Amino acid sequence: MIEPRWQKTWEAQGTFASPRLPQGEKLYALDMFPYPSGDGLHVGHPEGYTATDIVARYARMCGKSVLHPMGFDAFGLPAEEHAIRTNTPPRVQTEKNIENFRRQLKMLGFSYDWDREISTTDVAYFRWTQWIFLQMYDSWFDHDQQRGRPIAELPIPDEVQQEGDDAVRRYQDDHRLAYQSDAPVNWCPALGTVLANEEVVDGKSERGGHPVVRKPLRQWMLRITAYAQRLESDLEGLDWPESIKALQRNWIGRSTGAEVDFYIGAGETYDPWCQARRSTGFPRQPDEDCLRVYTTRPDTLFGATYMVIAPEHPAVESLTTAAQAAAVNAYCEQAAQKSDLDRTDLAKEKTGVFTGSSAINPVNGESIPIWIADYVLISYGTGAIMAVPAHDQRDFEFAQQFEIPILAVVDPGGDTPEATRADILAATAVFTAEGTAVHSGVYDGLSTAEFKSRITDDLAAQGLGRAAVNYKLRDWLFSRQRFWGEPFPVLHELDAEGQPTGRVRTVPEDQLPVDLPELADFKPHGRPEPPLDKAADEWLYPVLDGVRYKRETNTMPQWAGSCWYYLRFLDPHNASCLVDPQVEAAWMPVDLYIGGAEHAVLHLLYARFWHKLLYDRGVVSTPEPFRKLVNQGMILGEDGEKMSKSRGNVINPDKIVTEYGADTLRLYEMFMGPLTKSPKAWSTQGVNGVRGFLDRVWRMIVEEDAEQPVVCGAVQDVAPTEPQNRVLHKTIRAVTHDLETLSFNTAIARMMEFTNFFLKEDVRPKSAMQQLVLLLSPLAPHLCEELWQVLGHSGTLAYHPWPKYDESLIAEDTVEIPVQIQGRLRGKIAVPSDADRDAMETAARTDPKIAQLLADQTVVKVVVVPGRLVNFVMKGS
RNA sequence: GCCGAAGUGGCGGAAUUGGCAGACGCGCCAGGUUCAGGACCUGGUGGGGGUUAACCCCGUGGAGGUUCGAGUCCUCUCUUCGGCACCA
């Protein structure tokens with residue numbers, strides 16, 4: 001077997017070790033590192049990995065310094081579940097799985113620099129994951145400068161300062177990029193454990209089908225929303241698929257509109273309030289006697305016939321009248337029980353309850369009722385809306401349900417596909433698009449766009465509103481109730497009774513890492529608190545500077561380790577910092593990042609967020625980590641269905657390598673179609689075809705049936721003939737171009753054509769054979785190294801200069817040109833390749849067949865494209 | 001509902017970006033080789049018509065349009081896949 005032999009050679013000689021710093025042009029080619037599952041490598045993995053490997057090998061032959069690393073994203077739920085099931089430490093199984101993955105990756109001949117291998121579960125690695133968390137904790141976001149800054153630089157307002165140190169501390173805590181908050185968890189009493197979202201199906205545990213309830217728990221959040229603006233606008237400069245950018249933009253969900261305050265005080269105090277607002281302007285925080293809403297359609301203010309606040313809105317209590325109290329309490333309690341899913345998917349009918357109070361519409365002074373309904377989310381905008389039923393689908397449904405008046409204030413100007421103009425103006429149909437204002441006082445007749453900007457300005461002048469931007473993006477719930485994840489480097493201070501004081505202290509940097517404790521067993525302890533609460537006291541209760549603490553027992557989510565692994569590859573063994581700044585500046589950004597589209601949003605957004613914080617804190621030198629991103633397509637089974645054990649259509653890479661070889665697997669996956677095409681169905685016949693091609697390449701160069709591989713007789717040390725040179729140089733040109741554009745399928749097709757041609761040649765110039773071996777080597781490295789040796793070379797070809805093509809050897813003396821009449825193909829002529837228009841037209845007219853067709857016809861126009869075609873246009877066309 | 005991607009032979013897919021549609025591979029057909037099977041080699045292979053020759057017509061999901069010329073550009077439309085989905 002030649003493949004394992006070459007793999008050993010590469011490893012023994014350190015062929016693919018990257019230099020600490022690049023010399024000359026650099027290429028950082030990165031794969032999305034895998035989660036080492038117990039099932040081993042899936043054929044989807046080698047697809048992207050082969051693509052980056054080809055690019056990396058090609059770049060080396062072009063003289064670039066290449067960084068091409070691999071590692072493992074090894075924290076995760078399956079290992080934890082396995083540990084619970086077998087009561088063995090998760091690290092044991094994880095390391096077995098990594099070993100298997102490493103074996104499989106090496107078997108495929110990827111040119112990784114294995115000295116840089118990392119796993120997110122390495123203590124020496126997650127030490128720096130914890131360190132980055134400390135940077136988050138130590139940062140606040142300066143909205144004026146749009147960047148994260150050290151918490152020490154946070155300006156403290158005087159009134160806070162006067163309240164004392166505790167107030168200052170709380171104020172800082174409220175501004176940190178990592179902060180604590182109560183967030184609901186999926187608590188399953190029957191299993192006695194907290195479940196991840198993916199372990200909950202229809203409100204029941206995936207395993208066992210036990211009921212799951214939502215229970216608030218103190219957890220860590222990351223303030224990713226602070227970076228929403230930059231995460232969106234910086235997408236523009238990235239060489240990413242537009243579809244992925246669209247997905248991220250959609251996820252960030254920027255919208256523009258206005259915030260407006262509705263007065264909720266007593267009617268007779270409305271005028272003085274308005275007066276006061278005119279002088280004070282729009283306050284940063286709304287005062288108690290108003291309800292602040294966010295709307296993208298301030299132009300529909302005149303059509304607001306009621307308001308809605310979320311059940312969790314702080315004003316619920318004060319707005320509820322005695323008569324409504326019972327109904328409101330019941331409704332809010334019910335809403336609290338529902339999960340987000342229940343509130344969306346299952347709620348076909350709008351629900352809500354009247355508070356008994358009303359507010360005053362600032363544009364016309366009219367009083368409108370305030371309702372509570374769970375179709376308004378506390379987590380978006382201000383948690384309160386003005387409802388314009390005539391021009392919002394949800395409000396329309398709600399108003400119909402509860403018989404609230406509907407007033408049309410936007411004239412569509414004509415019938416729409418859904419409704420007539422008359423229905424819309426009569427408010428019996430909803431219209432949500434833009435139009436012309438009606439029933440809007442002095443604003444009547446304005447277009448939606450004009451109206452929006454005009455009324456926003458007017459409200460701002462009166463101190464009643466202001467332009468505002470909102471994002472769908474939410475802060476990132478960053479803690480998990482798991483034992484197989486990075487511990488937080490955080491300590492909770494305890495008082496003399498052993499109760500938490502509420503003060504938090506971070507583990508000093510020089511005491512990192514905080515390693516995971518050894519657990520006696522892995523069974524759930526039956527409480528919603530994290531499983532690490534079972535750890536031994538010496539881990540759980542450290543004493544620092546004479547103060548006793550309890551460690552944070554939440555762990556970080558799996559995303560944490562993958563947020564920055566691309567940085568550690570640059571300097572994986574550095575014990576004194578995350579990455580040497582000189583090394584970072586030399587290698588970053590990642591030039592090519594290939595992985596599955598399933599990470600389009602979360603991983604790529606989280607990683608960009610972390611990178612931006614590290615950029616703001618001076619750890620990295622680029623604002624974005626991944627310059628070019630490519631998503632490989634999904635590979636389906638032979639039946640065209642997604643591969644799964646239950647369907648029995650899983651293709652095992654080990655089996656393919658055993659039967660056909662690694663080069664065949666690599667080449668086949670690249671030949672299946674465009675890299676990014678998705679999905680692609682596996683075809684064993686296709687694998688066979690590719691194997692046949694590699695066999696023909698071998699036979700083209702090597703003597704068959706010889707004891708030892710020797711160059712076959714047809715391969716001779718002679719200069720190529722003119723046609724041979726043409727094929728050779730065309731192939732070099734096409735393959736070079738195709739590798740640059742990641743069009744591996746066509747590159748392979750071009751080399752097949754080369755092979756088909758030269759197999760028929762009785763004499764095959766050795767120089768041409770060598771060039772082909774070089775061209776094919778990034779794709780099928782084992783075979784090509786072997787052929788290179790057979791052709792008489794001693795070392796590896798991995799750094800041999802890439803073949804160059806000579807345009808003058810490609811050019812033909814004469815070319816065949818299609819002749820068209822009325823745009824239809826009617827004949828072909830052979831002309832000198834440099835023939836001018838006149839010569840081409842003459843040649844076409846002289847062709848017997850064309851001449852006959854042109855006889856008795858009036859040619860009104862002749863289109864001649866030199867080197868391409870001749871087209872005669874007749875009268876009457 | 002909104003956003004995005006894609007529809008080309010029996011199949012996977014090419015087409016230097018407006019210039020000979022179907023490269024290359026699979027499959028299939030015929031022939032060669034072989035005890036046989038497989039492997040390998042040679043030739044053919046979009047559909048229809050034709051005196052089976054020359055040649056003609058049709059053809060890139062569908063309908064229009066722009067152009068001397070459209071798989072490629074524009075408008076409308078259908079289908080499939082992926083994502084988001086009470087975000088005011």
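Quick caveat: nothing in here was measured; it's all calculated off a predicted structure. Naming: A, B, ... by sequence-line order, numbering from 1 per chain.
With ring centers used as reference points, A/F671 lies 6.0 Å or more from A/F744. Aromatic pair A/Y306/A/F398: ring centres closer than 6.0 Å.
For the pair A/Q685 and B/G27, the criterion of a side-chain N or O lying under 4.0 Å from OP1 or OP2 is met. At the phosphate of B/A88, neither OP1 nor OP2 sits under 4.0 Å from any side-chain N or O atom of A/Y375. Taking side-chain N and O atoms only, A/T746 has no distance below 4.0 Å to OP1 or OP2 of B/C24. Between B/A6 and A/K677, no contact under 4.0 Å exists linking OP1 or OP2 to a side-chain N or O. OP1 or OP2 of B/A14 sits under 4.0 Å from a side-chain N or O of A/N745. At the phosphate of B/A15, neither OP1 nor OP2 sits under 4.0 Å from any side-chain N or O atom of A/R750.
A/S683 comes within contact range of no nucleotide atom at all, as no heavy-atom separation falls under 4.0 Å. Heavy atoms of A/R254 sit nowhere under 4.0 angstrom from any nucleic acid atom. Using a 4.0 Å heavy-atom cutoff across all strands shown, A/R824 reaches sugar-phosphate atoms only and no base atom. Among the heavy atoms of the strands lying under 4.0 Å from A/R474 is at least one base atom, whether or not backbone atoms are also near. As judged by a 4.0 angstrom heavy-atom cut-off over every strand, A/N250 is placed among residues touching the sugar-phosphate backbone only. Within the 4.0 angstrom heavy-atom criterion, only backbone atoms of the sugar-phosphate kind lie near A/G689; the bases stay farther away. At the heavy-atom level, A/Q820 lies under 4.0 Å from base atoms of the strands shown. Backbone-only contact: A/N756 has heavy atoms under 4.0 Å from sugar-phosphate atoms and none from a base. Counting any heavy atom pair closer than 4.0 Å across all strands shown, A/S255 reaches sugar-phosphate atoms only and no base atom. At the heavy-atom level, A/R826 lies under 4.0 Å from the strands shown only through sugar-phosphate atoms. Looking at heavy-atom distances under 4.0 Å, A/Q393 makes no contact with the nucleic acid at all.
Checked by distance alone, A/R297 brings no side-chain donor or acceptor within 3.5 Å of a matching partner on the base of B/A88. For a distance-only test at 3.5 Å, the side chain of A/R868 qualifies as a donor-acceptor partner of the base of B/U16. Between the side chain of A/K472 and the base of B/C84, no donor-acceptor pair under 3.5 Å is found.
Here the side chain of A/P674 is nearest to one of B/C86, B/A15, B/G13, namely B/G13. The side chain of A/T295 lies closest to B/A88, out of B/C20, B/G25, B/A88. You'll find that the side chain of A/W251 is closest to B/C84, out of B/C68, B/G25, B/C84. Side-chain proximity of A/V863 to B/A88, B/C68, B/G25: nearest is B/C68. Taking only side-chain atoms of A/K760, from C-beta outward, the nucleotide of B/G43, B/G19, B/C41 with the closest atom is B/G43. Checking B/A14, B/A88, B/C41 against the side-chain heavy atoms of A/R699 singles out B/C41 as nearest. For A/K849, the listed nucleotide lying nearest its side chain is B/C55; candidates were B/C86, B/C20, B/C55.
There is no side-chain donor-acceptor pair under 3.5 Å between A/T736 and A/Y805. With no hydrogens or angles considered, no side-chain donor-acceptor pair links A/N470 and A/S255 at under 3.5 Å. Side chain to side chain, A/T676 and A/N631 fail the donor-acceptor criterion of an N or O pair below 3.5 Å. Side chain to side chain, A/Y471 and A/Q229 meet the donor-acceptor criterion of an N or O pair below 3.5 Å.
By the 30° and 60° cut-offs, the orientation of the rings of A/F302 relative to A/F451 is tilted. Ring geometry for A/H599 versus A/W559: interplanar angle over 60°, hence perpendicular rather than tilted (30 to 60°).
Searching all strands for a Watson-Crick or G-U wobble partner of B/A88 with both distances below 3.5 Å returns nothing. Look at B/U42: its Watson-Crick or wobble partner, with both distances under 3.5 angstrom, is B/A30. In a base pair of the Watson-Crick type (N1 to N3 plus N6-O4 or O6-N4) or a G-U wobble (N1-O2 and O6-N3), with each distance short of 3.5 Å, B/G37 is matched with no nucleotide. B/A15 is unpaired under the Watson-Crick or G-U wobble criterion, no partner having all donor-acceptor distances under 3.5 Å. Nucleotide B/G64 forms a pair with B/C74, judged by Watson-Crick or G-U wobble geometry with both contacts under 3.5 Å. Across all strands shown, B/G82 forms a Watson-Crick or G-U wobble pair with B/C3, both key distances being under 3.5 Å.
Between A/D392 and A/L759, the residue anchored closer to the 5' end of RNA chain B is A/L759, taking for each the nucleotide with the nearest heavy atom. Taking the nucleotide of RNA chain B with the nearest heavy atom to each of A/L247 and A/D695, the more 5' of the two is matched to A/D695.
Separating the C1' atom of B/U17 from that of B/C29 is a span of 37 Å, rounded to the nearest Å. Annotation: B/G43 and B/G49 have their C1' atoms spaced 25 Å apart (nearest Å). B/A15 sits 13 Å from B/G22 when the P atoms are compared, rounded to a whole Å.
One can place CZ of A/F758 at 20 Å from C1' of B/C41, the figure rounded to the nearest angstrom. Residue A/E659 contributes atom CD, which lies 15 Å from atom C1' of B/G38 at whole-angstrom precision. The distance from atom CZ of A/F262 to atom C1' of B/A88 is 12 Å, rounded to the nearest whole Å. Rounded to an integer number of Å, the gap from A/Y380 OH to B/C84 P is 18 Å. What separates CD of A/E638 from C1' of B/G27 is a distance of 13 Å, to the nearest Å. In this structure, A/L825 atom CG and B/G22 atom P are separated by 10 Å, rounded to whole Å. Between the P atom of B/A5 and the CE atom of A/M634 lies a distance of 18 Å, rounded to the nearest Å. Counting to the nearest Å, the C1' atom of B/U16 and the CD1 atom of A/I810 are 12 Å from each other.
Side chain of A/Q822 to main chain of A/M874: a donor-acceptor pair is present (N/O by atom type, distance under 3.5 Å, no hydrogens or angles).
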